[in-house]
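Scroll down for the structure; my scribbles are underneath it.
Every chain is numbered from 1, with letters handed out A, B, ... down the list of sequences.
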Protein chains: 2
Amino acid sequence: MAAQKSAQKSDPRAPSSTRRSEKSRRAIYDAALALVAEVGYPRTTIEGIAARAGVGKQTIYRWWSSKAEVLMEAFLDLGEQSAQAMGHEPYAIPDTGDLAADLKAVLRATVDELKDPRFEAPSRALAAEGVVNEQLGREFVTKLLEPSLQLYVERLRTAQEAGDMRPDIDPRIALELFVSPLAQRWLQYTGPISYEYTDTLVDYALHGLTPRTR
Amino acid sequence: MAAQKSAQKSDPRAPSSTRRSEKSRRAIYDAALALVAEVGYPRTTIEGIAARAGVGKQTIYRWWSSKAEVLMEAFLDLGEQSAQAMGHEPYAIPDTGDLAADLKAVLRATVDELKDPRFEAPSRALAAEGVVNEQLGREFVTKLLEPSLQLYVERLRTAQEAGDMRPDIDPRIALELFVSPLAQRWLQYTGPISYEYTDTLVDYALHGLTPRTR
């Protein structure tokens with residue numbers, strides 16, 4: 001379903017009768033993000049999103065089956081917009097051959113995103129619900145978080161192939177050494193977030209991840 | 001206030017007219033934790049806690065000024081009970097001279113605590129509220145999380161003095177390399193939690209934290 005919709009979105013020659021109204025789609029995303037930020041996930045409804053977006057609720061039900069689905073796609077779209085506004089590719093990690101520099105660049109972009117007011121309030125509302133609502137939490141991870149984390153896995157595998165990371169390291173765990181501290185500081189207010197901080201995380205983590213002579 | 005109450009609690013010779021009824025205190029903690037787990041933080045009230053604990057709400061107001069304060073102390077108490085039940089000191093990190101072993105032991109105990117049903121639901125309710133309620137989130141950190149994290153800071157400083165950790169490392173950031181991944185997996189369901197996992201985190205982190213010859 002998600003793949004089908006992406007295909008429609010990226011193919012301007014799709015029949016106009018089946019092609020989504022870009023304007024309505026954007027209005028629905030904006031309404032969903034604003035509403036969840038204001039009233040929280042439990043009190044966000046398809047009806048409320050429709051009213052705020054100025055569309056009929058059948059318009060929403062035609063394209064999405066639940067408020068969770070609308071929100072997940074609204075976040076994916078927000079990430080794409082945000083990346084484009086900052087002049088880099090959405091959902092990509094650079095590979096310049098310098099692992100530390102590449103990780104630092106991506107984490108600095110994440111710091112910017114976490115501090116973006118458009119992103120912060122709706123993300124917090126969805127994340128908070130995911131903490132107490134296991135089904136939504138797992139859906140959030142599967143659709144939004146894990147695909148981003150897999151980009152790190154791929155970059156770390158390339159680093160392993162290049163001899164920049166020890167071959168016995170599990171990349172899926174390794175990435176958590178720099179991703180999770182940033183996530184926790186943001187989610188739980190356990191400390192300030194800055195470029196200097198994320199650079200430090202990468203340096204600390206890589207000194208344990210890069211092979212060295214003894 | 002918290003210090004004063006702790007002093008009362010730990011001094012059995014305090015005048016009985018001012019000493020808290022241990023039975024009421026325990027009933028109030030149990031009620032607060034059960035209620036927040038069932039209805040969430042926003043709908044938990046002093047009145048609801050009092051009714052469930054079978055005490056008058058004035059009994060609660062005599063000892064605590066807010067529901068947040070009751071809950072924070074209920075969690076501190078739960079942590080102490082949990083540690084005692086598992087046969088180790090509450091709020092302490094061992095110092096056997098083997099940094100890796102000490103960190104692994106504490107993180108394994110944390111894994112047990114995170115999987116303890118008495119702990120899980122109320123902790124999730126409070127953590128979720130902290131994500132969207134910055135004031136509560138920061139209070140949660142100041143009273144519950146940061147004091148625990150400072151125990152790691154102290155253990156890592158000792159390790160630095162013993163030459164087991166590089167002197168240029170900031171211990172407050174270093175601890176996040178193994179604490180935050182566990183926290184994120186638990187909070188956000190980003191992956192399974194096990195002793196093997198936390199042992200791996202310590203090994204990965206320490207290879208970057210321990211001094212080595214080049």
Side-chain angles (χ1 to χ4, degrees), chain A residues 36-37 40-42 121 123-142 145-146 149 166 168-170 172-191 196-197 200-214, chain B residues 36-37 40-42 121 123-142 145-146 149 166 168-170 172-191 196-197 200-214:
Chain A
V36 79
Y41 183 84
S123 298
R124 286 191 174 280
L126 199 62
E129 181 67 12
V131 170
V132 287
N133 178 337
E134 182 170 351
Q135 193 192 334
L136 184 82
R138 292 190 179 278
E139 203 175 334
F140 178 83
V141 167
T142 304
L145 262 177
E146 194 60 36
L149 298 182
R166 293 207 310 271
D168 59 308
I169 294 284
D170 178 341
R172 181 59 188 74
I173 296 176
L175 67 90
E176 296 178 50
L177 269 64
F178 39 84
V179 167
S180 298
L182 177 59
Q184 189 180 25
R185 283 199 176 200
W186 181 74
L187 269 176
Q188 300 202 284
Y189 300 103
T190 42
E196 191 190 355
Y197 168 65
T200 300
L201 289 174
V202 171
D203 288 332
Y204 286 6
L206 285 189
H207 278 94
L209 303 177
T210 46
R212 65 197 61 214
T213 53
R214 275 177 173 274
Chain B
V36 79
Y41 183 84
S123 297
R124 288 192 173 278
L126 198 63
E129 180 68 13
V131 170
V132 288
N133 177 338
E134 182 171 350
Q135 194 193 333
L136 185 82
R138 290 190 179 278
E139 205 175 333
F140 178 81
V141 167
T142 304
L145 262 177
E146 193 61 35
L149 298 182
R166 293 208 311 273
D168 59 307
I169 294 285
D170 178 342
R172 181 59 187 77
I173 296 176
L175 68 89
E176 296 176 51
L177 270 65
F178 39 86
V179 166
S180 297
L182 177 60
Q184 189 180 25
R185 283 200 175 199
W186 182 74
L187 269 176
Q188 300 203 283
Y189 299 102
T190 42
E196 190 190 355
Y197 168 65
T200 301
L201 290 174
V202 171
D203 287 334
Y204 287 7
L206 286 189
H207 277 93
L209 303 178
T210 45
R212 64 195 64 214
T213 52
R214 275 178 171 278

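- A distance-only check finds no donor-acceptor pair linking the side chain of B:R124 to the backbone of B:A37 [under 3.5 Å].
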Let me check something: any side-chain donor-acceptor pairs from residues 174-181 of chain A under 3.5 Å, sequence neighbours excluded? List them with distances.
| unit_1 | atom_1 | unit_2 | atom_2 | d |
| --- | --- | --- | --- | --- |
| A:E176 | OE1 | B:R185 | NE | 3.1 |
| A:E176 | OE1 | B:Y197 | OH | 2.5 |
| A:E176 | OE2 | A:R172 | NH1 | 3.0 |
| A:E176 | OE2 | B:R185 | NE | 3.1 |
| A:E176 | OE2 | B:R185 | NH2 | 2.6 |
| A:S180 | OG | A:E176 | O | 3.3 |
| A:S180 | OG | B:Q184 | OE1 | 2.7 |

Pair A:L126, A:L136 - check side chain to side chain contact (heavy atoms under 4.5 Å, CB included), show working. CA-CA 9 Å; A:L126 199 62; A:L136 184 82; 3.9 Å; yes

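- Between chain B and the residues A:T200, A:T142, A:L182, A:D170, the most heavy-atom pairs under 4.5 angstrom are made by A:D170.
- Contacts between A:L187 and chain B at a heavy-atom distance below 4.5 Å involve backbone atoms as well as side-chain atoms.
- Listed options A:V131, A:T190, A:V132 were ranked by heavy-atom pairs under 4.5 angstrom with chain B; first place goes to A:V131.
- In this structure, the portions of B:Q188 lying under 4.5 Å from any heavy atom of chain A include both its backbone and its side chain.
- Remark: B:E129 engages no residue in a salt bridge (charged side-chain N to carboxylate O under 4.0 Å, His left out) (not counting sequence neighbours).
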